[in-house]
Amino acid sequence: MLTYQTLPSRHVSEFAASVSEGLLKPGQRELPSKYLYDEVGSALFEAICLLPEYGLTRADARLRQKTYYFPIEISPSALAACEKELGQIDLVSIVGYEQPYLEGLRAVAQGRDEEDHLLVLFLGSTIGNFDRAAGEEFLREIREILQTGDALLLGTDLEKSVETQLRAYNDAAGVTAAFNLNLLARINRELGADFDLTCFEHEARWNFEERRIEMHLRSMRRQGVKIPAANVRVMLNEGETIWTESSQKYKAEEVMGMAERTGFRCEGQWVDEEWPFAGNLLIAG
Ligand code: AVI
């Protein structure tokens, strides 16, 4: 008997439609990386941030200073954890927005007083999870919401040795593998699918042309999968992969170019000494 978790039907049908579209795509099959972050995925991502191989988060934190915070987050568990953690810090007032980023930012911007200036934080190199063109478009949309003189502090992971980058996305303890495989487990839980997780393996690749890490799930044998809530059946060949996430890596000067093309000027750039990662202070021009 199939048991589905009860979720709002709009959520299930959007998820099912994305899964169906991605898995039936000709050529490279794909699942959108935003679905990696359910409750389990968000907890695993927290664990990833503590891994010795994954230097991004510590680099980001080392470059950061105390600030007031309006967290915008689609994962309710991540938002609650953030409010709980930061709510205890003196002089930090927190109002959480459980919304997609740009919607939340619009709401914050609309609620401000005329004389208030906004400092927008987009940290942890989350921009890297968009492909380069979409990343620029995202910056452009942020710029449209801001007023001249507002600021955006943007975290961007920088290119480093391929070996180090691959280790960051294929850690020895297997946390990133669990994070990636949880996407299939989520499809099983929420869409009643029958992915056999023991027949897939996590793979991290460096794409030299696009300068990004790609996470894939490799089918270890020829196998069929049913996803009832998406009305989909897929046959996967042995060795075929499903592409689940990309993390673009940047050159420091490339970020300045992106800023200029999207209506910002780069006022400051701080690069961490232990892990090439840049905190970029962009001012809306
Ligand atoms: C959220 N994002 C910036 C992480 C990254 O590095 O692309 C997600 C992640 N995927 C695997 N490890 C971490």
Side-chain angles (χ1 to χ4, degrees), residues 28 30 32-34 37 55-57 59-65 67 69-74 97 99-110 112 116-162 165 168-169 205-215 243-273 275-285:
Q28 174 68 65
E30 222 177 298
S33 61
K34 66 176 181 181
Y37 301 89
L56 278 78
T57 317
D60 202 9
R62 283 191 292 270
L63 294 170
R64 222 182 290 166
Q65 293 183 359
T67 186
Y69 199 30
F70 295 82
I72 304 168
E73 175 59 66
I74 47 169
Y97 286 79
Q99 282 179 345
Y101 196 79
L102 292 173
E103 280 174 40
L105 184 57
R106 255 177 228 114
V108 173
Q110 277 158 13
R112 68 162 147 180
D116 289 344
H117 289 289
L118 280 184
L119 168 61
V120 177
L121 304 179
F122 202 67
L123 304 173
S125 203
T126 299
I127 191 165
N129 296 133
F130 296 118
D131 65 33
R132 282 184 157 73
E136 277 206 30
E137 184 50 34
F138 182 73
L139 290 184
R140 210 165 277 123
E141 289 186 75
I142 291 181
R143 173 62 193 89
E144 271 169 24
I145 296 169
L146 299 183
Q147 289 175 4
T148 304
D150 286 339
L152 165 63
L153 186 58
L154 180 70
T156 50
D157 199 26
L158 302 180
E159 275 187 63
K160 49 194 71 64
S161 80
V162 173
Q165 289 177 160
Y169 292 85
R205 300 180 187 165
W206 173 245
N207 182 325
F208 282 87
E209 210 172 304
E210 302 290 341
R211 292 182 291 122
R212 67 183 181 211
I213 287 284
E214 291 175 5
M215 287 205 315
W243 180 17
T244 54
E245 187 184 61
S246 301
S247 300
Q248 325 292 320
K249 305 299 167 189
Y250 302 93
K251 296 183 195 305
E253 59 281 10
E254 180 184 358
V255 182
M256 296 185 186
M258 282 161 60
E260 273 160 32
R261 286 190 296 274
T262 53
F264 292 96
R265 65 170 196 281
C266 188
E267 187 93 345
Q269 188 175 63
W270 299 269
V271 176
D272 186 63
E273 282 174 10
W275 181 278
F277 182 103
N280 309 278
L281 181 61
L282 311 185
I283 307 295

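These numbers were taken from a predicted model, which means no experiment stands behind them. Both backbone and side-chain heavy atoms feed into the values below; hydrogens, waters and symmetry mates do not.
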Mind checking the [atom1]-[atom2] spacing from [X] to [Y]? Nearest 0.5 Å is all I need.
X      : Y      : atom1 : atom2 : result
Phe70  : Leu121 : CZ    : CG    : 11.0 Å
Gln269 : Met256 : CD    : CE    : 3.5 Å
Gln165 : Trp206 : CD    : CH2   : 4.0 Å
Leu154 : Ile142 : CG    : CD1   : 7.5 Å
Tyr169 : Arg212 : OH    : CZ    : 13.0 Å
Lys251 : Thr156 : NZ    : OG1   : 12.5 Å

NZ (Lys34) with more than 12 external heavy atoms under 6.0 Å: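 Incorrect, the count does not exceed 12.
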Whether over 12 other heavy atoms sit under 6.0 Å from Tyr101 OH: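 Enclosed.
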Nearest atoms (heavy-atom pairs only) where [X] meets [Y]:
X      : Y      : result
Ala151 : Leu146 : O-CD1, 4.4 Å
Phe277 : Ala59  : CB-CB, 3.8 Å
Ala168 : Trp275 : CB-CH2, 3.9 Å
Ser125 : Leu56  : CB-CD2, 4.1 Å

Do any N or O atoms from the side chain of [X] and from the backbone of [Y] form a donor-acceptor pair under 3.5 angstrom?
X      : Y      : answer
Gln147 : His117 : no
Arg132 : Glu210 : yes
Ser247 : Gly128 : no
Asn129 : Ser246 : yes
Asp60  : Gly124 : yes

So, do [X] and [Y] sit near enough that their side-chain heavy atoms are less than 4.5 Å apart?
X      : Y      : result
Arg106 : Glu141 : yes
Arg211 : Glu254 : yes
Tyr97  : Leu105 : no
Phe138 : Leu102 : yes
Leu152 : Leu139 : yes
Val108 : Val120 : no
Glu214 : Asn207 : yes
Tyr250 : Ile127 : yes

Stepwise side-chain contact (heavy atoms from CB on, under 4.5 Å) test for Thr262 and Arg143: CA-CA 7 Å; Thr262 53; Arg143 173 62 193 89; 5.5 Å; no
Pairing of Arg140 and Glu137 as salt bridge, 4.0 angstrom limit: yes
CA sep, side-chain torsions, deciding dist, call: Cys266, Leu282, side-chain contact (heavy atoms from CB on, under 4.5 Å): CA-CA 5 Å; Cys266 188; Leu282 311 185; 3.8 Å; yes
Phe122 and Phe130 aromatic ring geometry - parallel, tilted or perpendicular at 30°/60° bounds: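 Correct class here is parallel.
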Check against side-chain contact (heavy atoms from CB on, under 4.5 Å), Asp150 and Arg112: CA-CA 12 Å; Asp150 286 339; Arg112 68 162 147 180; 2.7 Å; yes
